[in-house]
Amino acid sequence: MFSSLLRRAWAVPSSRLTVPCHSLPSPSTLCCRLSSTAAATAPAPFAPQEIPPNPDDFASIKNAISNETYRAITVRPYKFQTMSEVQKKVLGLLPNLALPYPEAKAPRDVMVRARTGTGKTLSFLVPAIEARMKVLEKVGKKALQENNLVNDTDLESRAQRVFARENVGTLILTPTRELAVQIAKEAANLSSNHRDFTTHTWIGAMSKRTQMRDFMSLRRDIIVATPGRLRDLMESEPEVKRSLATTRQLIFDEADTMLEIGFRDDIEAIVKDLPPTPERQTFLFSATLQPKVKEVARKHLAADHTYIDCIKEEDSPVHASIPQYHTVLPSASEQIPHVLRLIAHDQLTNPGASKIIVFLPTTKMTQLFSTILQTFGRSILPTGKTTKVLEIHSKRPQVTRSRVSEQFKSDKSGASVLVTSDVSARGVDYPGVTRVIQVGIPASREQYIHRVGRTGRGAMAGQGRGDFVLLPWEVGFVSWQLTDIPIKPLTVAETKTQLSELAKKHDADPPAMPKPNFSGKRFQRETVAEFQVPYTPLLDEYDRLVSEFGPRLDVEAVTMTMTSLLGYYMAKSADLRVSQSVILEGIKSWSTDAVGLDQVPYIPQSLLSKLGVSDNRTRSYGTGRAGQYAKPRREGQYERSSRDGSYDRTTRDRKQAPWMGRGSQRVKDSRPRQEWSYKEHQSGGFDEGRPKRFSYGDSDYGGSRSRPMDASRPRRPFRDWNREEE
Ligand SMILES: Nc1ncnc2c1ncn2[C@@H]1O[C@H](COP(=O)(O)OP(=O)(O)OP(=O)(O)O)[C@@H](O)[C@H]1O
């Protein structure tokens, strides 16, 4: 019983536990905290005993960290009591981990693997703050020594201030802007009791002038940066380069992605100007660390670094308690209705507490889904118009991205959906996410894990759910890439049945939702979810959806989406173990079956050649003739394979379905992965959070800068995707 109490203490603020120890069973930690009270009242023969704190509690590292940091963790603003496994293992290395070089004993570098949402951020920020404070303490003492003084607070703090304004303490590198902002906020919270402690955030799309002004005038304790902006500042501002050459600590969050080929140029250029190891201490943290990344990582770490692995070899890399399901759709026409059904399922399962993230593979696809959800979801989802649909991807202005991200973080409406690209896949902490839905395959197995990890975090460990929705030809991803992940099959038919049962229950006994609060002067601006009653009749609408929105969607916008998908998926044929022509046919069918276009849009030959794929056309055939090229869908190619919509293929179907072929390792090995140049990356052609080689899919193909459309072809004006149809 006590162990379960402790486990639950993740959610219990420590201040609440200040009760007399005799009223509790036997928690040693609490007795320890209250030992002075006990001492005052205890009879003389039983002198107070020093009971060591529970090793799982932050109290056990109290003497290894400064009082200011300890208070920030356990009192304000965090009120955490129990350490997670990763925190216990990393913070257990304190105080040595935070001692300045050369006093500290080796090993000082660490590489850490721990599941998503288990508090890795705090694990690296505490040593970062402590290391900085220790260095400053040393600087103060040195100033006293040089002046032959024993005590002079003014002199000490003057010396510390000068030092802190010239030298950088810790540099933290992250793949995305949202994550950088989040870490910087957490660093500010954790250091809030240390006077004048300053954290800088250097990310793209924010004013360099402001960043430089703050850097020149304030302390330089911690810098949290994305590699692009950091490199830019290092190359253009001599003072940045000079100051970074004094950095004592380098931290890679989401280390595996930071060390992948896409970021490698930037990282190497940055690290070259930092002090070498062992003078510089390096931490690498991630939920996923493949063997090849570990090899690259060793280049940046001291040879005698510590490797902390909180995931046992035989365990799943995702929280085993998060149920995960994959649905292989019988036909592309089921894609949007099925996603809507999953959202409805979540809203009915968690009435008034539903918070969903939908991941899409490209920015154009994200825009398309967001538009469809905003337009149609609001009429057929259980929470109707009160459903909040938010959209984030790298093509949105940074101000909007930050606003939307904050909005979703603080959302308590009970019916919100964040439609996003991979910019939200790693590290971002959205509290209370009840379900993660992935539509289409992620960039890699690791990205799948990180996406699912947006649910079941922190105090909600083990709660939540993951759904993975695949087109028929994407099935290879589950068969070949997710072999070690406990993911169960779920058919469209099963989802329909479950939803219909939930709807019946809902109609029989609609949940009582809190009414918006109009009392007093304060008007509660947050919309609270309201349910449509009766809901069961609306379930029939799902199947009519595609024919409804098909004619209302802009053909050119769908073409752009399709082009972005081509760029993304062509590089994935080895992962899926299907040929590129199967993918091409699959995406063409998607444009008619899933989004309801009358005919497949024109795809320029030049784009297909660039992607290294042919659809058996000659160059002259079809050039500039979008309408003429478009051909009707091949009847029956992606038809439903069974009457109830389940994925139950007959032998005949199996023969006809090329994606069911498993391919061979030889094909996989012989085909090089597509990689894209730094130039493409600089031109904005990549979605942050994902290495550049995936840039093509999310790039401006189909976008405003370099559209592969035939220039002579008359175009329809591009619709504003964020507005509802007038
Ligand atoms: N000891 C703790 N007790 C309770 N909650 C905690 C504790 N440590 C961290 N948390 C909370 O858990 C959540 C997840 O933490 P964090 O974002 O650091 O996870 P992570 O391991 O870095 O995840 P990811 O791999 O996705 O980046 C945060 O909301 C954080 O405030």
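On a predicted model such as this, the values are computed, not experimentally measured, just so you know. All ligand and atom numbering here is 1-based and tracks the order in the structure.
- Closest heavy-atom approach to atom 24 (P) of ligand 1 among the candidates Gly117, Pro77, Ser84: Gly117.
- Checking each of Arg113, Arg426, Lys292, Lys294 against Asp256 for a salt bridge (charged side-chain N to carboxylate O under 4.0 Å, His left out) leaves exactly one that passes, namely Arg426.
- Under 4.0 angstrom from ligand 1, the non-hydrogen atoms of Phe58 all belong to its side chain.
- Applying the 4.0 Å criterion to heavy atoms of Arg115 picks out, from ligand 1, the atoms 21 (O).
- Ring to ring, His300 and Phe252 are close: their centroids are under 6.0 angstrom apart.
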Could you list the donor-acceptor pairs under 3.5 angstrom formed between side-chain atoms of residues 196-203 and any protein atom two or more places apart in sequence or on another chain?
| unit_1 | atom_1 | unit_2 | atom_2 | d |
| --- | --- | --- | --- | --- |
| Thr198 | OG1 | Asp196 | O | 3.0 |
| His200 | NE2 | Arg219 | O | 2.7 |

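- At a 4.0 Å heavy-atom cut-off, ligand 1 does not touch Val428 at all.
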Original post:
Going through the distances and angles, do Ile343 and Ile437 end up as a side chain to side chain contact (heavy atoms under 4.5 Å, CB included)?
Top reply: CA-CA 9 Å; Ile343 296 174; Ile437 302 173; 3.9 Å; yes
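- Using a 4.0 Å cut-off between heavy atoms, Thr121 contacts ligand 1 through both its backbone and its side chain.
- At a 4.0 Å heavy-atom cut-off, ligand 1 touches Gln87 through the side chain alone.
- The aromatic ring centres of Tyr70 and Phe58 sit 6.0 Å or more apart.
- At a heavy-atom distance under 4.0 Å, only side-chain atoms of Arg457, from C-beta outward, approach ligand 1.
- When heavy-atom distances to ligand 1 are checked against a 4.0 Å cut-off, Gln81 has no atom that comes that close, whether in backbone or side chain.
- Residue pairs meeting the ring pair (Phe, Tyr, Trp, His ring centres under 6.0 Å) criterion with at least one partner in residues 395-426, sequence neighbours excluded, are Phe408-Tyr430.
- Heavy atoms of Glu254 found under 4.0 angstrom from ligand 1 belong exclusively to the side chain.
- The closest heavy-atom contact to atom 13 (C) of ligand 1, among the options Ile449, Asp429, Leu122, comes from Asp429.
- The N/O atoms of Gly119, backbone and side chain alike, include one that comes under 3.5 Å of an N/O atom in ligand 1.
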Original post:
Between Arg132 and Ile129, is a side chain to side chain contact (heavy atoms under 4.5 Å, CB included) present by the stated rule, with each step listed?
Top reply: CA-CA 5 Å; Arg132 182 60 162 180; Ile129 295 168; 5.8 Å; no
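- Of all non-hydrogen atoms in Gly440 and Glu474, the two that sit nearest each other are CA-OE2, 3.3 Å.
- Geometrically, ligand 1 and Arg454 share a nitrogen or oxygen pair separated by less than 3.5 Å.
- The distance criterion of under 3.5 Å between nitrogen or oxygen atoms is not met by Thr116 with respect to ligand 1.
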Original post:
Stepwise, does the side chain to side chain donor-acceptor pair (under 3.5 Å) test hold for Gln290 with Arg445?
Top reply: CA-CA 10 Å; Gln290 315 91 293; Arg445 168 190 165 279; over 6 Å; no
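- The shortest N/O to N/O separation between His450 and ligand 1 does not fall below 3.5 Å.
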